[in-house]
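Contents: one structure, followed by commentary.
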Amino acid sequence: MLVSIAGLAAARRIPFRQPFRPRNAAYARAAATATPTANATHICDVCIVGGGIVGTALACALASNPITAHLRTALIEAGDLFSHAGAANQEKTALNFSNRVSSLTPRTRRFIDRLGAWTELADRARPYGIMQVWDGVGNGQIRFTSSPSDPSDPAIAHIVENIRLQSSLVARLGATKVFNRTSVSNITEEGGLPRVLLADGSEVRARLLVGADGGNSRVRTYANIESIGWDYGQKGIVATLQVETGINGNDTAWQRFLPTGPIALLPLDDTHSSLVWTTTPALASRLCALPPASFVDLVNVAVRAAWPDVQFLTSAVGAAGEPPGDCNEEARWALDRAAGSDLDALTPPRVLGVDDGSRGAFPLKLRNSERYVAGRVALIGDAAHTIHPLAGQGLNLGIADAESLANVIAEGVEVGQDIGHIHLLESYATQRFAPTLAMLKSVDGLSRLFGTDAAGVATVRSLKLNLADAAGPLKRIFMDFAGKA
Ligand SMILES: Cc1cc2nc3c(=O)[nH]c(=O)nc-3n(C[C@H](O)[C@H](O)[C@H](O)COP(=O)(O)OP(=O)(O)OC[C@H]3O[C@@H](n4cnc5c(N)ncnc54)[C@H](O)[C@@H]3O)c2cc1C
């Protein structure tokens with residue numbers, strides 16, 4: 001039976017029920033890891049291209065909902081999903097943290113929990129109850145503390161290693177047919193259905209094709225959906241830092257806005273934090289090549305010292321990562337100058353070291369697809385939109401897409417509608433397009449607001465930040481980012 005959009009909108013929303021637990025876990029594992037035959041044609045209901053966290057979360061959501069568990073779902077991933085799981089297990093036992101982490105909002109955490117994938121993560125997920133944001137040029141600052149009105153979920157957010165989240169989801173794929181280490185070589189259409197050609201010679205035809213294949217989405221190209229946006233001309237340096245333990249442990253997320261981009265220290269445990277330092281591509285490659293001790297000196301300077309000192313020292317780093325003069329001496333001088341000032345009173349933890357091999361740099365861009373759906377196609381995660389990481393929202397938005405699309409598919413199944421029909425998919429696009437666009441705009445606006453050291457702008461900006469700290473709409477925007485508003 002076909003129902004209209006209006007009918008669907010009026011229909012009761014189907015929340016995720018308790019996670020569907022297969023009666024026989026061994027069967028579920030075997031089904032999930034079964035390698036589909038090469039050179040064959042596979043007919044599916046839902047074909048998800050891209051087994052990153054977002055695509056895997058969608059597959060888990062479909063598998064865990066009794067309404068959609070019977071659907072034939074295929075997940076195609078070019079990388080090795082199961083080696084991620086092995087690596088995550090090794091990292092679980094080892095003390096070292098992965099350098100790719102995400103700040104998950106309470107909403108995301110609850111969804112992951114409903115999928116049954118949170119418990120396994122909980123021992124290494126680091127909740128933080130305080131978020132301190134401050135201006136690297138003026139003296140503006142804003143501080144958030146977790147809301148006592150929500151005692152069941154008091155953290156502002158949790159920091160989680162991506163690899164562990166991924167492995168926890170992979171273990172819950174149920175009967176999903178996984179095409180592991182298989183890339184999509186082409187997508188065509190046959191008989192009105194998308195036909196996904198795989199590098200091993202086989203093909204998948206599906207009623208619904210989902211693009212979860214990241215920023216350079218092949219599915220998006222197939223659907224002829226334009227992606228609009230720009231590159232920031234910045235890179236985000238990530239690294240795992242050893243930090244000194246604060247009086248209250250390491251329970252605060254710190255973010256300082258420098259004119260070259262924000263630098264954030266996100267807590268991993270009492271003695272480790274994850275770094276995300278946004279800066280120019282040239283400086284990013286120099287900083288990544290610096291000897292570890294000099295890198296640590298410059299992180300301390302960037303987090304604590306006056307902006308002119310940060311500028312002076314970072315601009316003196318050589319093209320091949322040669323430290324500036326006597327880097328340690330210069331850094332100590334800059335930090336001594338900051339000691340006792342308003343800046344120093346913010347007291348982010350002092351960085352003591354950087355884990356070997358943990359430095360990496362990623363180009364940053366803003367992109368939004370002109371549409372998130374087309375006939376028999378839906379885009380989710382970075383395939384649909386890419387956002388600056390300063391508010392830690394990219395993955396949260398992508399997981400919200402997966403949740404929304406899974407709900408819409410379940411609604412379609414419940415009323416017997418064709419799950420690839422554009423009328424049904426429009427319902428997903430309606431839920432996700434406007435809030436995502438609003439988030440993209442806010443984050444882009446913040447990045448521009450802080451991306452200057454012009455004296456007048458810096459003064460007004462600091463004033464606004466301080467006012468917002470007392471009360472105000474800016475604080476509400478930040479709390480929206482943190483998913484607490
Ligand atoms: C420095 C940095 C820090 C960040 N911090 C945060 C944070 O704190 N919080 C947050 O919410 N977000 C954060 N993000 C954003 C977040 O990392 C991304 O938004 C998220 O990882 C996107 O997930 P995805 O699954 O949509 O895409 P991806 O992770 O890009 O996954 C796409 C998958 O598709 C596969 N694929 C691609 N093409 C094909 C093909 N042809 N065939 C088969 N498979 C294919 C790829 O192998 C890949 O596994 C950060 C980003 C950066 C750069």
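Keep in mind the model is a prediction, meaning the values are calculated, not measured. Order of listing sets the numbers, starting from 1, for every ligand and every atom in it.
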Worksheet entry | Nearest candidate to atom 5 (N) of ligand 1, where distance is taken over non-hydrogen atoms, out of L395, V276, V101, L165 |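 Residue with the shortest heavy-atom distance to the ligand atom: V101.
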Fill in: The one among R218, E77, K365, K235 that brings a heavy atom closest to atom 49 (O) of ligand 1
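Nearest heavy atom to atom 49 (O) of ligand 1 lies in E77.
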For [X], counting its heavy atoms only, list the atoms of ligand 1 lying under 4.0 Å from any of them.
| X | answer |
| --- | --- |
| S103 | 7 (C), 8 (O), 9 (N) |
| T182 | 43 (C) |
| G214 | 27 (O), 30 (O), 32 (C) |
| Q393 | 10 (C), 11 (O) |
| G381 | 26 (O) |
| A212 | 32 (C), 33 (C), 34 (O) |
| V238 | 1 (C) |
| P389 | 2 (C), 3 (C), 4 (C), 50 (C) |

Item to complete: Run the salt-bridge test on R114 and E403 with the 4.0 Å N-O cut-off and return the result as yes or no.
Response: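 A salt bridge links R114 with E403.
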Polar contact flag for [X] and ligand 1 (N/O pairs, less than 3.5 Å):
| X | value |
| --- | --- |
| V184 | yes |
| S183 | no |
| F362 | no |
| I380 | no |

Quick one about [Y] and [X] (side-chain donor to acceptor, distance below 3.5 Å, no hydrogens or angles considered), yes or no?
| X | Y | answer |
| --- | --- | --- |
| Y222 | T188 | no |
| N396 | T108 | yes |
| S102 | N162 | yes |
| Q393 | H388 | no |
| Q255 | Q132 | no |
| Q242 | D355 | yes |
| N96 | H272 | no |

Fill in: Region of I53 that comes within reach of ligand 1 [heavy atoms, distance under 4.0 Å]
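The answer is the backbone.
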Worksheet item: Can you list the steps and then say if R164 with D123 is a salt bridge (Lys or Arg N to Asp or Glu O under 4.0 Å)?
Response: CA-CA 11 Å; R164 295 207 56 209; D123 61 320; 3.7 Å; yes
Fill in: Lys/Arg cation over aromatic F433: R371, 6.0 Å, 45° cone
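No, cation not above the ring by the 6.0 Å, 45° rule.
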